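See below for the structure under consideration.
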Amino acid sequence: MTLMTALLALGILALLFGALLGYSAIRFKVESDPLVEQIDDILPQTQCGQCGYPGCRPYAEAIANGDEINKCPPGGEATIKKLAELMGVEAKPLNAAQEPSIKRVAFIREDECIGCTKCIQACPVDAILGASKLMHTVIADECTGCDLCVEPCPVDCIDMIPVPVTAERWKWDLQAIPVKLVE
Amino acid sequence: MPSLFQQIQAGTLWDFHGGIHPPVRKSITSRKPIGLMPLPSRLYVPFRQHIGVSGQILVTQGQYVLKGQALTSADNAMTVPVHSPTSGTILAITEHTSPHPSALPEKVFVIEPDGLEQWRPRQPLNIATADQQMILERIQDSGIAGMGGAGFPTHIKAGMQQPVDYLIVNAVECEPYISADDALMQEAPTTIVKGIDILCKLLNPKAVLIGIEEDKPIAIAALKAACSQREHYFVRPVPVKYPSGGEKQLIQLLTNKEVPAGRRPADIGIVMHNVGTLFAVAQAVLDDHPLISRIVTVTGETLLNPQNVHALLGTPVADLLSFCGFQAEPQQKVIMGGPMMGFTLPDLSVPVVKTTNCILAPSAQELPDAGPELDCIRCGACADACPATLLPQQLLWYSKAKDHDKLKEYHLSDCIECGACAYVCPSEIPLVQYYRIAKAEIREQQRETLKAEQAKARFEARNARLEAEKQARLARNQQLAAERQQNQQQTGAKDAVAEALARIKAKQAESIAETSHDAIVAERELKKQQAREYQAQKALKAATEQIGEVDAAPTPVSEDPRQAAVAAAIARAKAKKAATEQVGEAATAPTPVSEDPRQAAVAAAIARAKAKKAATEQVGEADTAPTPVSEDPRQAAVAAAIARAKAKKAATEHASEQLAQQEHDVPISHSDTAPAPANEDPRQAAVAAAIARAKARKAAVKSEGEEG
Amino acid sequence: MSFKIASSPHHHNRRSTSSIMQWVALACLPGIAVQAVFFGYGVLVQLLLAIITAWLAEAVILIIRRKAVLPRLTDHSALVTALLLAVSIPPYAPWWVIVIGTAFAIIFVKQLYGGLGNNLFNPAMAAYVLLLISFPVQMTQWLAPLPLQAVTLSPLDAFCAVFTQFSCGGFSIAQLQQGIDGITVATPLDMVRTDLAQGYTLTESYTKPVFQGIAGVGWFWVNLAYLAGGLLLIQQKIISWRIPAALLFGLFTLSALGWLAASDANPSPVFHLFSGATMLAAFFIATDPVSASTTDRGRLYYGVLIGVLVYVIRTFGGYPDAVAFAVLLANMCVPLIDYYTRPRTYGHKAKGSLK
């Protein structure tokens with residue numbers, strides 16, 4: 001009889017707590033960004049496709065479904081670190097060996113451009129201006145440096161040039177200042 | 001309890017947290033008369049010497065400019081112009097080492113003085129009759145920016161719309177060695193007070209507080225005498241402590257108020273100006289003397305004659321130093337600014353600018369190099385010294401760890417980089433340097449985040465646009481298909497291929513002339529050549545293939561530059577192709593011998609397209625392809641467009657029976673139109689050539705896809 | 001010739017870690033001298049052993065860690081650790097006690113945490129606790145202060161005693177521990193504890209010769225000497241006044257309360273302040289910058305916490321003196337204290353800093 005009482009009491013308690021938990025789960029539900037959104041926010045949005053996916057969003061979805069987090073060369077180590085933190089996994093070294101540590105933007109040598117619009121079609125962020133048979137040019141501020149326009153150019157007139165360092169963007173690298181000789 | 005205003009009037013001073021007492025070493029220069037330099041042989045006037053954007057250039061290279069003539073315009077609220085410091089010639093408008101810690105090159109005017117010091121016409125303002133707008137414009141046009149160090153445009157601070165309680169005149173000059181303001185106050189106290197009068201007219205403050213360190217007795221006496229007629233001007237000697245000349249610190253010292261984080265002093269009814277700035281304002285308004293010179297303290301133990309110097313803006317530091325008898329030591333440091341916040345110069349051609357208050361050339365004993373950086377022992381001396389009440393040691397920790405969130409939590413952005421923490425650090429950790437790097441990184445990261453957001457938005461907009469276009473195309477295609485079906489039903493079961501052919505033929509019939517004899521000859525030549533070379537290439541490896549192709553690329557000699565450009569583009573395209581494609585297409589490069597270079601180029605393009613097709617498609621239709629030479633270029637273009645559309649359709653749609661039939665049709669129509677019609681217009685030729693190339697590539701890709 | 005690039009500030013006040021540590025060591029000297037006078041030359045022998053061990057241990061570990069040895073050895077932090085431990089242990093404890101202790105302090109407590117600046121705990125106190133619980137007998141064999149010693153030891157005797165546990169004259173340490181009255185003496189703090197446990201009142205205890213003077217023979221003067229040294233450090237701005245003041249305040253307040261409540265069962269505040277290692281703790285141990293709190297308010301809390309813990313452990317704990325335990329416990333609280341006592345940054349609201 002006592003056994004029954006104990007079982008019953010425990011059972012009722014379990015039910016009560018379960019109900020309480022269930023209620024609070026609904027009542028105090030924390031609205032958070034879906035995982036894909038969070039991952040997408042971390043990715044650098046260059047839309048370069050170097051991860052093997054057609055853009056940052058698809059890669060974000062792939063990560064959410066369990067893909068590796070180290071496939072984003074433009075994001076570099078910083079992005080991997082953040083992704084590792086978000087996903088709760090180990091940070092891995094970057095997959096691709098070629099990491100362009102210097103920020104670059106596309107530049108069209110305009111006198112060589114034949115106006116084929118191929119680069120315009122390739123640009124994922126519409127950062128190239130121009131019309132058919134008219135010369136094109138890159139809006140440097142909007143260019144993400146994804147390299148995608150270089151390949152399609154039939155006359156190879158697109159260069160990836162490093163973004164020049166200005167005093168505003170200088171990172172206090174005192175070692176890099178050339179010390180000139182006097183006399 | 002007296003009110004704050006009463007306390008301030010009574011002369012109460014408050015204190016700010018921290019601060020240090022480094023050796024002052026001002027007496028080296030402060031009691032000497034201000035030196036007058038001979039004109040330097042060159043002046044380097046940077047476009048931008050203030051915080052903001054530089055104005056539009058008003059002069060050209062080689063132009064003669066008068067003293068005080070504006071070199072850039074004040075076309076924007078955040079812009080102040082620069083002026084020619086003397087009369088002379090603009091030798092160049094070029095890049096030159098900047099007076100910035102990075103020493104990155106920046107745009108300067110190089111002026112060669114003619115020694116005549118010829119002024120432009122000057123129009124002094126009558127302060128009594130001039131209205132506020134005129135005064136503000138004059139301040140802006142005279143190029144005045146804060147001369148205490150930050151270089152904020154003065155007309156903005158003087159044109160505040162907010163009510164101002166206190167105008168604080170910053171005459172503290174707390175950094176060791178520097179005595180430029182001290183010298184100015186000793187020399188021209190009345191002009192400074194006139195400058196204050198002008199600012200009072202603009203801002204109408206309740207009181208003017210002049211903060212000045214106690215160790216400048218002569219300047220204090222001079223200012224007190226000059227202010228004696230003015231009731232609400234208070235000269236307030238403050239204790240010697242670094243950095244009491246910091247804007248926020250001086251406000252706390254004189255008014256016991258704090259500027260809330262992320263706000264400006266104007267938000268709490270305070271405007272602060274440096275004495276040097278006020279002097280410049282008075283000169284600009286009353287004499288129409290723009291900001292073209294300033295007092296610079298040139299000091300340090302390596303100088304025989306350290307002193308304050310009237311220097312024209314743009315004077316190279318080397319001239320200043322040699323004027324003062326500079327004898328460089330090995331491993332010499334030359335610092336622009338004071339020992340606490342100044343930066344070292346990598347070379348001495350750097351010019352003096354509006355914010356340059358000191359050039360310091362210390363000996364190695366005077367300011368020894370920092371020792372090796374040791375581990376932090378958490379002594380907390382930095383926190384005790386910090387005037388912003390930060391925790392430098394935690395900031396160091398998080399700066400090293402690059403933990404930007406924590407840095408924000410510990411208010412890194414409130415650091416004024418005064419250097420007090422690094423001054424007291426027993427482990428000689430360059431704390432400020434760590435903070436500066438961390439700040440730059442945070443700024444960069446914010447920029448990146450912003451850019452990523454923009455890129456994302458643009459990407460999504462583009463995707464939406466592409467999707468919409470695709471839908472529209474689909475709808476149109478369906479409509480067209482429906483129409484065609486209807487037509488077919490009406491006209492009976494006609495062969496689609498025949499129909500398409502007929503359509504094209506009909507269109508072309510209007511303009512088709514005879515088939516180009518030359519082209520056909522060239523083509524046959526090419527075919528043979530191709531066959532030969534194809535064999536050869538197959539045997540050879542890729543490397544030789546490339547060379548062969550580049551060699552084979554047509555380089556027609558032409559009088560017309562555009563022609564040449566087209567040819568160059570072709571050559572480039574070729575080279576690229578060679579690098580990427582492994583099939584023996586090299587053979588396709590023909591070198592037809594022709595009198596007319598244009599003709600040759602066209603022929604080459606045709607030949608290439610053909611050759612490619614031949615190499616990749618099994619149907620021998622290419623051989624029979626006609627090469628219409630059109631008189632009317634537009635006609636040809638239309639035909640080409642139609643052909644393109646067809647090709648595209650064929651490539652993408654396979655479903656309907658009709659389209660399947662068309663697929664058969666495509667190569668024919670394609671080869672019909674692909675060759676560029678040769679005509680008189682060279683541009684036309686270039687376009688045609690490009691089209692031909694594009695076609696050839698597409699065909700190659702497609703057939704590869706089909707085969708593979 | 002080239003111009004040198006450096007980051008601002010280009011000026012430094014030239015007070016290095018090394019000079020700070022030298023000042024600390026210097027300020028210890030009066031205390032050490034008085035201790036040597038009252039408790040024999042054994043103190044000096046222990047000091048010598050500790051310093052040699054500390055330097056050796058530090059050098060070896062630095063070599064193993066592939067760090068530059070000289071700059072870190074000359075920061076004198078190992079010297080100070082050795083010094084503090086040497087004056088804390090009984091002067092005639094066997095030589096291996098101090099060697100083990102110092103080596104443990106340097107190797108385990110300091111270097112294995114990442115070297116100077118990274119250790120969570122005060123190395124000297126952690127080592128003291130290790131010794132106290134590992135070798136309780138050796139760690140409590142204090143001799144009677146000089147005026148009460150039956151046998152006075154020469155410097156040579158001191159050497160012999162530390163290395164062989166017998167003086168050159170053949171007396172064992174146990175014999176040496178006996179006072180002139182033939183009773184084994186303990187430290188006043190120990191005595192109070194034992195007596196109270198045995199049901200004596202303090203008035204009865206105070207009649208014993210050890211309690212002559214204000215806070216026990218010798219101990220008062222030792223504490224006074226450390227107080228003087230500490231005041232010198234404050235005057236030189238080597239240490240902040242906050243931690244010592246707060247510690248002494250905490251200890252004084254609690255002991256005063258206890259004393260007022262029952263003066264016969266609780267020693268007076270003055271006794272607490274000038275007995276045992278109170279002053280040494282207040283000015284030299286608790287102020288160790290590495291393991292102490294770094295914010296102004298935090299230092300006050302930290303000091304009070306140690307003061308309170310010292311009193312609590314002295315009164316209710318199982319060990320005679322409590323400084324080591326109190327300091328270690330307070331060390332543990334430092335990150336928490338630091339976090340919650342962040343000062344209000346200029347221009348920010350007070351609340352923001354606690355968020």
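Values below: all heavy atoms of this structure, side chains included; hydrogens, waters and symmetry mates excluded. Remember, predicted model here, so these are calculated numbers, not experimental data.
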What side-chain donor-acceptor pairs closer than 3.5 Å can you find for residues 378-398 of chain B, not counting sequence neighbours?
residue  : atom : partner  : partner atom : Å
B:Arg378 : NE   : C:Val290 : O            : 2.6
B:Arg378 : NH2  : C:Ala292 : O            : 2.9

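Minimum heavy-atom separation, B:Asp375 to C:Arg72: OD2-NE, 3.8 Å. Nearest heavy atoms, B:Pro23 versus C:His11: CD-NE2, 3.6 Å. Annotation for B:Lys406 and C:Tyr339: closest pair NZ-CE1, 4.0 Å, computed over non-hydrogen atoms.
Only the side chain of C:Asp338 comes within less than 4.5 Å of a heavy atom in chain B; its backbone stays farther off. For B:Ile377, the parts lying under 4.5 angstrom from a heavy atom of chain C are both the backbone and the side chain. Residue B:Pro372 does not touch chain C at all, counting heavy-atom pairs closer than 4.5 Å. If you measure heavy-atom distances from B:Met340 to chain C, the contacts under 4.5 Å come from both the backbone and the side chain.
Judged as a side chain to side chain donor-acceptor pair (under 3.5 Å), and not counting sequence neighbours, the contacts of B:Arg25 are B:Tyr177. Residues satisfying the side chain to side chain donor-acceptor pair (under 3.5 Å) test with B:Ser244, not counting sequence neighbours, are B:Glu213.
Between C:Phe3 atom CZ and B:Ile335 atom CD1 the span is 12.0 Å, to the nearest 0.5 Å. Separation of atoms NE2 (B:His411) and OH (C:Tyr346) is listed at 14.0 Å; rounding is to 0.5 Å.
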**Message:** One pair to check against salt bridge (Lys or Arg N to Asp or Glu O under 4.0 Å): C:Arg342 and B:Glu409. What are the steps and the verdict?
**Reply:** CA-CA 11 Å; C:Arg342 279 177 290 165; B:Glu409 193 186 328; 3.3 Å; yes
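Using a 4.5 Å heavy-atom cut-off against chain B, the contacting residues of residues 109-123 of chain C are C:Leu116, C:Gly117, C:Asn118.
In this structure, B:Glu258 pairs ionically with C:Arg344, as a charged nitrogen and a carboxylate oxygen lie closer than 4.0 Å.
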